[in-house]
Trainee: 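Starting off with a structure, shown below.
Just so it is clear, the structure is predicted and the values come from calculations on it, not from any experiment. First listed ligand is number 1; within each ligand, the first listed atom is number 1.
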Amino acid sequence: MDAIGFGALNVDKIYLINKIPKAEEEAYVKDVKIFAGGSASNTIAGLSKLGLKTGYIGKVGNDADGDFLLGDLRSWGVDTHNVIRADGRSGNALILVDEYGNRAILVDPGVNDTISFEEIDLDYVSKFRLLHLTSFICRISNESFESQKKLVREFEGIVSFDPGAVYAERGLKELKEIVKETTVFMPNAIEMEIMTGLSYREGAMEVIGMGVEVVVVKLGERGCYVTDGNVELEIPAFDVEVVDTTGAGDAFNAGFLFYYLKGKDLEECGKFGNYVASLCVQKIGAREGYKLISAGNS
Ligand SMILES: Nc1ncnc2c1ncn2[C@@H]1O[C@H](COP(=O)(O)OP(=O)(O)OP(=O)(O)O)[C@@H](O)[C@H]1O
Ligand SMILES: [Mg+2]
């Protein structure tokens with residue numbers, strides 16, 4: 001087996017509204033679009049589409065959203081036998097978008113944050129070459145974050161880690177136990193700076209010093225920066241018409257990791273990350289770009 005994801009599973013409910021209401025105000029909904037989301041699941045769906053054998057560790061509720069999330073992962077070819085179902089709400093992200101494109105996001109982590117280490121089947125996880133981690137909200141319960149720390153200690157394969165803004169805000173000290181077990185660390189530039197209090201290049205060297213092998217910093221329209229502590233590369237993004245950058249970072253991760261697992265060099269990995277991300281930004285939605293790829297032909 002190739003790659004397993006461990007991160008939040010959310011239903012993204014995008015409400016296109018007339019205005020984002022303030023306290024005591026009312027607004028109206030013009031349209032609703034519903035997508036399966038969660039950063040790691042976007043990346044794992046992409047890896048699956050690229051032809052890898054994938055699986056997922058996560059938790060959904062015993063509700064209709066849970067059925068939707070599981071069915072969606074399966075439709076991308078992801079093995080969902082180790083996704084836990086529990087009493088409670090599935091994760092939701094309510095995204096309000098007004099007429100000017102301004103966004104307000106409300107995340108309900110639901111059961112996502114309550115994955116205990118004992119619920120994870122270590123034998124199953126050990127069958128995979130790569131474990132990809134992304135964040136959980138973990139404000140009310142810290143359980144899933146603690147389980148990630150324990151799992152990376154046990155897992156012997158390649159660990160890739162995209163902290164996203166939610167974990168970056170915790171700062172490097174709190175993330176240390178995961179970072180020091182990470183093989184490929186994949187924040188964006190702002191996250192790296194918030195997390196380390198350094199420029200992204202200095203931050204990269206700091207985490208290399210903690211044991212990370214490869215640092216990939218996503219630079220938006222500027223592409224990416226990649227280093228292993230010796231080689232430093234800035235690889236420009238593809239010049240494409242951008243419609244929606246939602247999930248661009250997750251798509252980048254899929255492209256980069258796909259080539260990394262194939263044993264390609266860092267420059268090729270960075271280029272392929274930028275390429276898969278460039279497909280993503282040309283379509284609305286985090287995973288629509290993957291539909292431009294046909295499995296196995298890359
Ligand atoms: N305007 C753009 N044109 C071309 N490619 C882009 C553009 N914006 C982003 N990308 C591609 O998407 C990748 C990831 O984008 P970005 O740096 O915004 O990541 P991110 O902030 O982690 O994204 P996300 O919000 O999905 O987590 C970039 O490294 C680049 O390859
Ligand atoms: Mg990101």
Trainee: Is it true that a side-chain atom of Asp2 and a backbone atom of Lys53 form a donor plus acceptor pair closer than 3.5 Å?
Mentor: yes

Trainee: Of the protein's non-hydrogen atoms, which lies at the shortest distance from atom 5 (N) of ligand 1, and what is that distance?
Mentor: Ala237 CB, 3.7 Å

Trainee: Can you figure out which of Cys224, Gly270, Pro187, Gly249 has its heavy atom closest to atom 27 (O) of ligand 1?
Mentor: Gly249

Trainee: Can you tell me which portion of Ala248 lies within the under-4.0 Å heavy-atom range of ligand 1? Options are side chain, backbone, both, or neither.
Mentor: both

Trainee: What about Phe128 and Phe155, are their ring centers closer than 6.0 Å?
Mentor: no

Trainee: Select one of side chain, backbone, both or neither to describe which atoms of Val242 lie under 4.0 Å from any atom of ligand 1, heavy atoms only.
Mentor: side chain

Trainee: Got a second to check how far Leu151's CG is from Ser144's OG, nearest 0.5 Å?
Mentor: 11.5 Å

Trainee: Supply the atom-to-atom distance Lys13 NZ to Asn92 CG, rounded to the nearest 0.5 angstrom.
Mentor: 3.5 Å

Trainee: Gly247 heavy atoms, cut-off 4.0 Å: which ligand 1 atoms fall inside?
Mentor: 26 (O)

Trainee: With backbone taken as N, CA, C and O and side chain as the heavy atoms from C-beta onward, which portion of Asp239 lies under 4.0 Å from ligand 1: side chain, backbone, both, or neither?
Mentor: neither

Trainee: Between atom CZ of Phe185 and atom CG of Asp162, what is the distance when rounded to the nearest 0.5 Å?
Mentor: 8.0 Å

Trainee: Please tell me whether Ile57 and Leu70 are part of a single hydrophobic cluster in this structure, the criterion being side-chain heavy atoms less than 4.5 Å apart.
Mentor: no

Trainee: Evaluate the salt bridge (charged side-chain N to carboxylate O under 4.0 Å, His left out) criterion for residues Lys19 and Glu99: first the C-alpha distance (whole Å), next the side-chain angles of each, then the deciding distance (0.1 Å), finally the verdict.
Mentor: CA-CA 7 Å; Lys19 63 169 184 180; Glu99 284 162 350; over 6 Å; no

Trainee: Between Asp162 and ligand 1, does any nitrogen or oxygen pair lie at a separation below 3.5 Å?
Mentor: no

Trainee: Which option wins on minimum heavy-atom distance to atom 6 (C) of ligand 1: Ser278, Ser39, Gly164, Gly220?
Mentor: Gly220

Trainee: Looking at atom 29 (O) of ligand 1, what's its closest protein heavy atom, distance included?
Mentor: Gly223 O, 2.8 Å

Trainee: I need the nearest protein heavy-atom contact for atom 12 (O) of ligand 1: residue, atom name and distance, please.
Mentor: Ala277 CB, 3.2 Å

Trainee: Got the closest protein heavy atom to atom 7 (C) of ligand 1, with its distance?
Mentor: Glu221 CA, 3.7 Å

Trainee: Are Phe256 and Phe272 an aromatic pair by the rule of ring centers under 6.0 Å?
Mentor: no

Trainee: Tell me whether the guanidinium CZ or amine NZ of Lys264 lies under 6.0 angstrom from the six-membered ring centre of Tyr259 and within 45° of its axis.
Mentor: yes

Trainee: Numbering the atoms of ligand 1 from 1, which are under 4.0 Å from a heavy atom of Phe238?
Mentor: 3 (N), 4 (C)

Trainee: So is there a nitrogen or oxygen of Asn188 less than 3.5 Å from a nitrogen or oxygen in ligand 1?
Mentor: yes

Trainee: Any salt bridge linking Glu177 with Lys150? Criterion: basic side-chain nitrogen under 4.0 Å from a carboxylate oxygen.
Mentor: no

Trainee: Could you tell me whether atom 25 (O) of ligand 1 has at least one protein heavy atom nearer than 4.0 Å?
Mentor: no

Trainee: Could you find the nearest protein heavy atom to atom 31 (O) of ligand 1 and give me its residue, atom name and distance?
Mentor: Asn274 OD1, 2.7 Å

